[in-house]
There are 2 protein chains.
Amino acid sequence: MALRHAVLAALLDGEFSGYQLTKIFDVGVSDFWYATPQQLYAELAKMETDGLLTGRRVVQRGRPDKRVFTVTGAGLAELAAFAAAPAKPLLIRDDLIVKVHACDLLAPGPLIAQLQERAAEAAAKLELFGKMLLRLRGELEEEEFLRRGERVGPYLTCLGGLRLERQMHEWCLQTARTLSERAVRDGTAQDESAQQEKGALS
Amino acid sequence: MALRHAVLAALLDGEFSGYQLTKIFDVGVSDFWYATPQQLYAELAKMETDGLLTGRRVVQRGRPDKRVFTVTGAGLAELAAFAAAPAKPLLIRDDLIVKVHACDLLAPGPLIAQLQERAAEAAAKLELFGKMLLRLRGELEEEEFLRRGERVGPYLTCLGGLRLERQMHEWCLQTARTLSERAVRDGTAQDESAQQEKGALS
DNA sequence: TAGCTGTACTCAAGGAATTGAGTAGTCATG
DNA sequence: CATGACTACTCAATTCCTTGAGTACAGCTA
């Protein structure tokens with residue numbers, strides 16, 4: 001029941017269509033919520049029948065029509081109620097960390113590759129967030145904007161995303177380096193008992 | 001289908017009962033997976049019938065019996081297959097960040113309180129992770145342990161959790177400070193139009 | 001000795017999320 | 001002029017996850 005609040009929050013920044021929202025959510029762009037397109041379309045429909053949103057058909061040329069949504073008064077009230085209620089704990093689920101946790105019994109190759117891939121993704125997001133921050137604060141300096149800007153919410157969450165991606169990037173690279181060095185050590189070891197075990201699982 | 005892999009990874013560190021695993025997962029202790037007790041018990045039962053785990057009844061005195069689980073060969077194979085497959089993207093869902101994203105239209109009081117609460121939780125975890133790291137590496141220095149330790153997986157994920165909680169802690173406090181300062185400014189402003197709007201939603 | 005906390009689970013219902021397939025038109029590329 | 005990529009969605013099945021309630025015993029406290 002909390003995807004709807006994320007949608008409401010996202011729609012505070014303007015009218016968006018379901019498709020545009022998928023672009024925001026599928027990558028988890030702002031690093032604050034993740035959702036698939038199907039989920040979004042379903043939720044948008046439900047939210048409209050619940051009166052939290054109103055849809056508006058926009059005719060386009062050269063591409064299909066789209067329906068953009070706006071938050072209603074009831075939607076704002078829902079958001080306010082949500083904000084006043086105690087927050088659920090942070091939910092994290094990450095395959096990659098599970099793999100690292102088990103790394104001592106796994107083949108190091110694929111894991112290192114995946115860590116480097118994740119690091120690259122994090123770097124890409126880092127850049128993206130940097131640009132978003134610039135765009136959001138316009139010509140003001142950060143401090144000035146945070147003091148006097150009239151819409152700082154997205155900026156603050158973006159700062160959070162930036163921090164997260166930075167630490168993710170560093171952790172992935174450091175972990176990959178550690179595992180690489182250990183793999184070399186194992187590979188050049190005289191007795192092969194350690195690799196035998198790993199070989200059985202790779 | 002990935003909770004089972006998290007369970008397998010957790011059981012590499014020893015035999016645990018369902019109840020013990022809930023203690024590991026409910027808080028999301030290692031910051032790598034979150035699951036409720038019911039989910040765990042159900043999954044453990046399924047994993048046992050699938051042959052990934054074997055349960056063993058342990059009689060205790062002064063407290064109820066428990067069943068502890070061990071990973072089987074098939075379980076290790078499952079884990080290896082999982083590790084070789086591409087990882088799903090990091091999944092984050094956080095109420096608090098959604099609220100911050102919408103903060104410009106919300107009453108600042110409850111939000112600031114929640115940010116401080118989260119900061120306190122992060123600080124508590126930080127301390128916990130610090131102790132876990134000490135325990136895991138024993139009398140060795142970190143570098144030495146990462147080079148030569150025989151079980152570094154949990155240590156590496158713990159390092160990740162530590163980083164995450166540190167950044168969460170800082171972000172929450174900084175964001176709370178920013179919002180507090182803005183609230184004071186709004187509160188002491190001559191014209192009250194800004195608060196009027198917020199008042200309507202608080 | 002009543003009440004509370006902690007260990008160690010079980011069951012059921014309902015909502016949320018994932019997976020997979022499918023539609024339909026536009027635009028650029030080779 | 002066919003192929004693939006992009007916009008913009010929809011539908012259905014299944015699986016996963018959450019919510020809420022309940023059982024049972026042991027130890028401690030007032």
Side-chain angles (χ1 to χ4, degrees), chain A residues 1-8 15-28 32-50 52-53 55-69 78 82 85-95 98, chain B residues 1-7 15-28 33-50 53 55-69 82 85-95 98:
Chain A
M1 267 292 201
L3 168 58
R4 66 174 44 192
H5 302 122
V7 170
L8 289 168
E15 289 183 324
F16 293 110
S17 68
Y19 190 75
Q20 288 175 297
L21 285 171
T22 65
K23 296 295 154 195
I24 296 172
F25 281 82
D26 68 347
V27 207
F32 73 99
W33 209 266
Y34 172 89
T36 57
Q38 293 84 342
Q39 230 181 311
L40 273 166
Y41 285 116
E43 192 62 32
L44 284 169
K46 224 188 295 174
M47 289 170 78
E48 200 179 6
T49 64
D50 291 352
L52 305 179
L53 303 176
R56 188 168 66 81
R57 169 152 248 99
V58 173
V59 181
Q60 302 179 106
R61 35 178 190 150
R63 53 178 68 177
D65 293 0
K66 63 179 178 184
R67 295 198 70 215
V68 297
F69 295 92
E78 172 73 25
F82 164 70
K88 284 191 204 156
L90 168 65
L91 177 81
I92 294 188
R93 283 182 183 144
D94 190 358
D95 276 15
V98 174
Chain B
M1 268 294 204
L3 168 59
R4 66 175 42 192
H5 302 123
V7 169
E15 289 184 325
F16 293 110
S17 68
Y19 190 75
Q20 288 175 295
L21 286 170
T22 65
K23 297 294 155 194
I24 295 171
F25 281 82
D26 66 350
V27 208
W33 209 268
Y34 172 91
T36 57
Q38 292 84 343
Q39 231 181 310
L40 273 166
Y41 285 115
E43 192 63 32
L44 284 169
K46 223 188 296 172
M47 289 170 78
E48 201 179 4
T49 64
D50 290 353
L53 303 176
R56 186 168 68 81
R57 169 151 249 102
V58 173
V59 181
Q60 302 177 106
R61 35 178 190 154
R63 55 179 65 178
D65 292 359
K66 64 179 178 182
R67 296 198 69 217
V68 296
F69 295 92
F82 163 71
K88 285 192 204 155
L90 169 64
L91 176 81
I92 294 188
R93 282 181 183 144
D94 190 358
D95 278 14
V98 173

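Chain letters run A, B, ... following the sequence lines, proteins first, then strands; residues in each count from 1. If you're wondering where the values come from, they're calculated on a predicted model, not measured in any experiment. Side-chain atoms are counted along with the backbone in the values below, which use heavy atoms only and exclude waters and symmetry mates.
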Is the closest basic N to carboxylate O distance between R67(A) and E48(A) below 4.0 Å?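 The answer is yes: the pair qualifies as a salt bridge.
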Salt-bridge present (K88(A), D94(B); N to O < 4.0 Å):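 So K88(A) does not pair with D94(B) through a salt bridge.
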May I ask you to test the [X]-[Y] pair for a side-chain heavy-atom distance under 4.5 Å?
X	Y	result
L21(B)	L44(B)	yes
L3(A)	F25(A)	yes
V98(B)	L8(A)	no
D95(B)	F82(A)	yes
D65(B)	V58(B)	no
R93(B)	Y34(A)	yes
V68(A)	K66(A)	yes

Could you pull out the protein-nucleic contacts involving nucleotides 13-20 of chain D (nitrogen or oxygen on both sides, under 3.5 Å)?
| unit_1 | atom_1 | unit_2 | atom_2 | d |
| --- | --- | --- | --- | --- |
| dC17(D) | OP2 | Q39(B) | NE2 | 3.2 |
| dC17(D) | O5' | Q39(B) | NE2 | 3.1 |
| dT18(D) | OP2 | Q39(B) | OE1 | 2.6 |
| dG20(D) | O6 | Q38(B) | NE2 | 3.0 |

Check whether any side-chain nitrogen or oxygen of T22(A) sits under 4.0 Å from OP1 or OP2 of dA8(D), and answer yes or no.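 No, T22(A) has no side-chain N/O under 4.0 Å of OP1/OP2 on dA8(D).
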For Y19(A) and dC9(D), is the shortest distance between a side-chain N/O and OP1 or OP2 below 4.0 Å? no
On DNA chain C, which is the earliest and which the latest nucleotide, 5' to 3', with an atom closer than 4.0 Å to a heavy atom of chain A?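 Boundary nucleotides touching chain A, in 5' to 3' order, are dA16(C) to dC27(C).
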Where along residues 59-68 of chain B does a heavy atom fall under 4.0 Å from DNA chain C?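 Those residues are Q60(B), R63(B), P64(B), D65(B), K66(B), R67(B).
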The test is salt bridge (Lys or Arg N to Asp or Glu O under 4.0 Å); show your working for E78(A) and R4(A) and say whether it passes. CA-CA 9 Å; E78(A) 172 73 25; R4(A) 66 174 44 192; 5.3 Å; no
